[in-house]
Amino acid sequence: MNEHEHEIPEIVIIRLPLYVRTLSELKLLNQTTVSSQHLGNLLQTTPAQIRKDFSHFGKFGKQGRGYNINYLLDELREILNLNQKWNTCVVGIGNLGQAVINYHGFKNEGYLIKAAFDISIPSNISNKDIVVKSISEMKSTIKQLNIKIAIVTVPAPDAQGVIDRLVESGIKAILNYAPMKPVLPKTIVCRNIDPVLSLQSMSYYLNK
């Protein structure tokens, strides 16, 4: 890990998983090298931007030879801590929460949903690998299962209280689906996902 990681712009960190996904797709096509020009074309960005992003972490390619895909993929996965499994929990077991629990994409990428919490426990959770508990048992369960990441799928009015309890329970990273922006300590990493805001920004263009 780069010793100056705190100086790396957040937007660069956000772009790194896109590089990992694209490189993985190229690897499946049996390609062994890729130029910054080709990578830029695939990601609709400039070769200069790609080289600048990578320069924060060292030199991964040689002038005129491009990047070795296997090597670059390994390095980026290590930077993003993708070479290990991350125990994860879901808070809120309504329709959205159950959809998240049943989505295999998290597990396939190493994010293992170990527990789900709600005020009232639904009886139709079929995933036997997941511990289903009341929110009152959140802190002890998170500690017991060594959970580091939480996915919040509760209604907006309940979200801040839930997120406060997650922080008190030792959670360091939160994926928030609630349509609100939580107040958080600077030490906590949070990504907010609000599909309605995305739809609203797109509808601007529909009558143009």
Side-chain angles (χ1 to χ4, degrees), residues 1-27 31 33-88 100 105-106 108-111 147-153 156 159-160 163-164 166-167 170-202 204-205:
M1 183 67 68
N2 190 291
E3 64 179 351
H4 301 298
E5 66 173 313
H6 61 283
E7 299 173 0
I8 297 169
E10 185 179 22
I11 188 63
V12 174
I13 303 300
I14 290 172
R15 282 195 290 261
L16 292 187
L18 296 175
Y19 296 139
V20 169
R21 176 179 292 174
T22 304
L23 290 165
S24 297
E25 291 169 352
L26 292 173
K27 184 176 179 179
Q31 293 193 33
T33 59
V34 63
S35 66
S36 56
Q37 179 72 53
H38 184 42
L39 203 51
N41 290 340
L42 293 172
L43 289 164
Q44 298 183 330
T45 188
T46 65
Q49 182 65 68
I50 289 171
R51 290 193 293 268
K52 184 177 180 182
D53 285 353
F54 291 166
S55 71
H56 290 287
F57 306 98
K59 292 186 177 180
F60 298 133
K62 292 184 178 179
Q63 190 73 28
R65 294 188 187 178
Y67 300 103
N68 179 293
I69 290 175
N70 281 339
Y71 174 74
L72 181 55
L73 199 49
D74 287 345
E75 290 293 309
L76 294 179
R77 288 184 64 83
E78 185 173 345
I79 289 166
L80 287 167
N81 292 315
L82 300 182
N83 293 325
Q84 57 184 300
K85 307 292 186 184
W86 292 101
N87 289 348
T88 306
V100 168
F106 292 115
N108 293 342
E109 293 298 330
Y111 299 93
I147 292 170
K148 300 296 185 186
I149 300 171
I151 302 172
V152 174
T153 57
Q160 185 65 58
I163 288 169
D164 289 343
L166 286 168
V167 173
I171 290 294
K172 298 298 183 186
I174 296 170
L175 184 63
N176 175 38
Y177 281 94
M180 51 79 74
K181 189 172 182 179
V183 178
L184 285 164
K186 291 182 178 179
T187 53
I188 307 300
V189 180
C190 181
R191 295 284 184 266
N192 299 301
I193 298 177
D194 190 338
V196 173
L197 291 183
S198 297
L199 287 170
Q200 289 173 334
S201 66
M202 288 193 297
Y204 166 82
Y205 297 97

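Here the structure is a predicted model, which means the values were calculated and not measured. All values below were derived from every heavy atom in this structure, side-chain atoms included, with hydrogens, water molecules and symmetry-related copies excluded.
Atom-to-atom distance recorded for K181:NZ and N192:CG is 7.0 Å, nearest 0.5 angstrom. Distance check: L23 CG to L39 CG gives 5.5 Å after rounding to the nearest 0.5 Å. How far CD1 of I171 is from CD1 of I151: 10.5 Å, rounded to the nearest 0.5 Å. For the atom pair CD of Q44 and CG of L18, the computed distance is 11.0 Å after rounding to the nearest 0.5 Å. Rounded to the nearest 0.5 Å, atoms CG (L26) and CG (L42) are 6.0 Å apart. In this structure, L43 CG and Q49 CD are separated by 11.0 Å, a value rounded to the nearest 0.5 Å.
L72 is listed as a side-chain neighbour of F54, based on a closest heavy-atom distance under 4.5 Å. Residues V167 and P185 have side chains in contact (heavy-atom distance under 4.5 Å, counting atoms from C-beta outward). Annotation: side chain of Y67 is not in contact with side chain of H38 (no heavy-atom distance under 4.5 Å). Residues I174 and L184 have side chains in contact (heavy-atom distance under 4.5 Å, counting atoms from C-beta outward).
Side chain of T88 to backbone of W86: a donor-acceptor contact under 3.5 angstrom is found. Looking only at distances, a side-chain donor or acceptor of R77 sits under 3.5 Å from a matching main-chain atom of L82.
Y177 meets the ring-ring contact (aromatic ring centres under 6.0 Å, His included) test with no other residue; sequence neighbours excluded. Looking at residues two or more places apart in sequence or on another chain, you find a side chain to side chain donor-acceptor pair (under 3.5 Å) between D164 and Q160. Legend: residues meeting side chain to side chain donor-acceptor pair (under 3.5 Å) with T22, ordered by chain and number and at least two apart, are absent. Listed by chain and number, the residues in a side chain to side chain donor-acceptor pair (under 3.5 Å) with N87 amount to none (sequence neighbours excluded). Q37 pairs by the side chain to side chain donor-acceptor pair (under 3.5 Å) definition with N41, not counting sequence neighbours.
Scanning both residues, I69 and Q31, for their nearest heavy atoms gives CD1-O, 3.5 Å. For L166 against A150, the heavy-atom pair with the smallest separation is CD1-CB, 3.6 Å. Between N176 and C190, the shortest heavy-atom contact is CB-SG, 4.1 Å. The minimum heavy-atom distance linking P182 with I163 is given by the pair CB-CD1, 3.6 Å. Taking both residues in full, the closest heavy atoms of A156 and M180 are given as O-CG, 4.0 Å, listed atom of the first, atom of the second, then distance.
The 12-atom threshold is not exceeded at CD of E109, counting heavy atoms of other residues, nucleotides or ligands nearer than 6.0 Å.
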- Message: Checking I149 against L175 for the side-chain contact (heavy atoms from CB on, under 4.5 Å) test, could you report, in this order, the C-alpha distance in whole Å, the side-chain angles of both residues, the deciding distance, and whether it holds?
- Response: CA-CA 8 Å; I149 300 171; L175 184 63; 5.6 Å; no
- Task: Would you check, one step at a time, whether the test side-chain contact (heavy atoms from CB on, under 4.5 Å) holds for L16 with F57?
- Result: CA-CA 11 Å; L16 292 187; F57 306 98; 3.7 Å; yes
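Residue pairs satisfying the salt bridge (charged side-chain N to carboxylate O under 4.0 Å, His left out) criterion with at least one member in residues 8-26, sequence neighbours excluded, are listed as follows: E10-R191, R15-D53.
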